[in-house]
Colleague: 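Got a structure for you, questions after.
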Amino acid sequence: MLLPLADAQAHVLDRVRALAPIDVDVVDALGLVLAEPVVSAEEVPPFANTAMDGYAVIAADTASASEAAPVRLPVVAEVAAGHPAPRPLVAGEAMRIFTGAPVPDGADAIVMVERTERLDDGATVAIRMPAAGGDHVRTAGDDVRAGDEVFASGEQLTPGHLGVLATIGVAQVSAHQRPRVGVLSTGDELVADGGPLAPGQIRESNGRTLLALLAEDGFEPVDLGLVADDDTAITAAIQQGVSTCDAVLTSGGVSMGDIDLVKVVLDRIGAMRWMQIAIRPAKPFAFGVVASTPVLGLPGNPVSSMVSYELLARPALRRLAGHPADRWHRPAVAALAAEPLPRRLDGKVHYARVVGERDAEGALRVRSAGAQGSHNLTAMARAHGLAVLPDGDGVAEGDPVQVLLRAEV
Ligand code: AMP
Ligand code: MG
């Protein structure tokens, strides 16, 4: 009996929780999820400053200005960013001012330099248009006020967030720990050291792929290496993984007919559930908890291990990382089939590897990325995403299809 994907996902997600919050230096916090709101103690900007190069004035002094009859004001000082005016501005005066400089006390508007002319004496400016009070003035606190909650708990820290934290002088935040995720490859046939292949051997690839996926997704990858189908070696590697990591991914040894010892070992040391999920690729999957650490058994076929990561591991790891429920799964985007995407009725949802491009209207059109076997890793590598093909006989050319996009198209 095949298990619907949503049931398998729910089984896993119900058994993981966000990692405990820690105080993190902002420099190490990119990608982390806030465990507490950030409240600003400071105002941004901290003082009224000018958004333009020009002249600081009192707006009322320019009321009669026109092209034909400009208002002439003496320029009594220059105010640059980081260098406040030496004294307040008084009626009938102007000060030359540069972007980011504090607006002098007494001034209430900035006239853009393009609307002025400096007269030959160098000490007078002619203003050709009236200014309105507040023109080009960024008032203190107009971005952030002291006491504002600038970010809510559950927000992921992006480069923009780190910039805001810098502007409000915050050096540490309370965020969920970045999940450390171990990756263990298993199989007697695998060679990982680049050496020559003996008959029957293949090169190990899942480890490298999964470690890279983890890094790309902002988790901390931990390489637990490659072990042969050997009880003692597998036991030791998993024990080490669960004692040093927040989650462990294994690949290989979870298929029905498997002779691998991964199953034997995990059943002995943990409480595992072995699943056959109604998807293709990535039907076999295992989940369990070993020494209170989640262990996810991904299938060995290279494409299957990536799809299994995408559909089952990544959402669980995002939950561990503290993301709220609406951000565990990658959102599906609407696309159109640029060619027929055929399949046969088999009780499973297929995840076809596709490449996409935008048509003249900006719609996403997808076509097969190449051979669709679960060992055809090159098509997976080239794919921009996975097209979701519901059970049936496929999607006809021009028909809508949902895509889990992994690349920018
Ligand atoms: P298994 O689930 O262990 O029976 O593996 C299924 C298929 O995936 C077999 O063809 C394995 O040789 C292959 N495979 C398993 N693990 C890896 C790996 N780490 N790298 C590349 N291929 C693998
Ligand atoms: Mg194997």
Side-chain angles (χ1 to χ4, degrees), residues 2-3 8 12 181-216 221-238 240-241 245 247-270 272-288 295-314 348 350-351 353 370-383:
L2 297 180
L3 188 68
V12 174
V181 187
V183 173
L184 178 67
S185 303
T186 65
D188 277 349
E189 75 283 25
L190 302 173
V191 173
D193 61 7
L197 297 178
Q201 291 187 321
I202 62 166
R203 298 196 189 280
E204 197 284 318
S205 63
N206 293 349
R208 195 177 294 181
T209 305
L210 291 168
L211 291 166
L213 285 168
L214 291 167
E216 189 176 68
V222 178
D223 188 357
L224 300 174
L226 163 66
V227 293
D229 292 315
D230 170 85
D231 190 317
T232 314
I234 295 171
T235 307
I238 292 175
Q240 196 214 326
C245 300
V248 170
L249 311 181
T250 66
S251 76
V254 296
S255 318
M256 276 305 233
D258 252 310
I259 51 161
D260 289 56
L261 289 160
V262 176
K263 221 171 203 165
V264 176
V265 170
L266 284 175
D267 273 335
R268 189 176 62 235
I269 63 177
M272 301 299 294
R273 177 168 174 195
W274 304 87
M275 305 176 211
Q276 297 288 309
I277 306 176
I279 57 174
R280 180 179 170 168
K283 182 176 68 159
F285 175 73
F287 178 83
V295 175
L296 292 84
L298 312 186
N301 275 305
V303 177
S304 308
S305 75
M306 285 185 79
V307 171
S308 194
Y309 172 85
E310 169 70 24
L311 298 178
L312 292 144
R314 185 174 181 275
K348 299 177 203 151
H350 289 199
Y351 289 84
R353 279 67 77 200
Q372 297 287 325
S374 60
H375 61 294
N376 295 122
L377 192 54
T378 49
M380 181 69 186
R382 270 196 303 267

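Each ligand, and each atom within it, is numbered from 1 in the order the structure gives.
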Colleague: Determine whether Arg314 and Leu213 make a side-chain contact, defined as any pair of heavy atoms from C-beta on separated by less than 4.5 Å.
Modeller: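 Not in contact.
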Colleague: Roughly how far, to the nearest 0.5 Å, is CG of Leu211 from CG of Asp223?
Modeller: 5.0 Å
Colleague: Decide whether an N or O pair under 3.5 Å exists between Pro299 and ligand 1.
Modeller: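 No, Pro299 has no N/O under 3.5 Å of an N/O on ligand 1.
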Colleague: Between Ile202 and ligand 1, find which residue part has any heavy-atom pair under 4.0 Å and reply side chain, backbone, both or neither.
Modeller: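 The answer is the side chain.
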Colleague: Going by heavy-atom distance to atom 16 (N) of ligand 1, choose the closest among Asn206, Val254, Leu210.
Modeller: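 Looking at heavy atoms only, Asn206 sits closest to atom 16 (N) of ligand 1.
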Colleague: Do side-chain atoms of Arg203 reach the backbone of Gly195 as a donor and acceptor pair under 3.5 angstrom?
Modeller: yes
Colleague: Can you name the one residue among Leu210, Thr250, Val183, Leu312 that meets side-chain contact (heavy atoms from CB on, under 4.5 Å) with Leu298?
Modeller: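 One option only clears the test, and that one is Leu210.
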Colleague: Would you mind running through ligand 1 and noting each atom that sits below 4.0 Å from a heavy atom of Glu204?
Modeller: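 Near Glu204, the atoms of ligand 1 are 18 (C), 19 (N), 20 (N).
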Colleague: Does Ser205 come within less than 4.0 Å of ligand 1, judged by its heavy atoms?
Modeller: yes
Colleague: By number and element, which atoms of ligand 1 are closer than 4.0 Å to a non-hydrogen atom of Glu189?
Modeller: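 Checking each atom against Glu189, I get 11 (C), 12 (O).
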Colleague: Just how far is it from atom NZ of Lys283 to atom OG of Ser304, taken to the nearest 0.5 Å?
Modeller: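 Lys283 NZ to Ser304 OG: 10.5 Å, rounded to 0.5 Å.
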Colleague: For ligand 1, which atoms, with element, lie under 4.0 Å from some heavy atom of Gly253?
Modeller: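 Matching atoms, with element in brackets: 1 (P), 2 (O), 3 (O).
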Colleague: Of all the atoms in ligand 1, which lie at a distance below 4.0 Å from a heavy atom belonging to Ser251?
Modeller: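 Answer, ordered by atom number: 19 (N).
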Colleague: When rounded to the nearest 0.5 angstrom, what is the spacing between CG in Asp267 and CH2 in Trp274?
Modeller: 5.5 Å
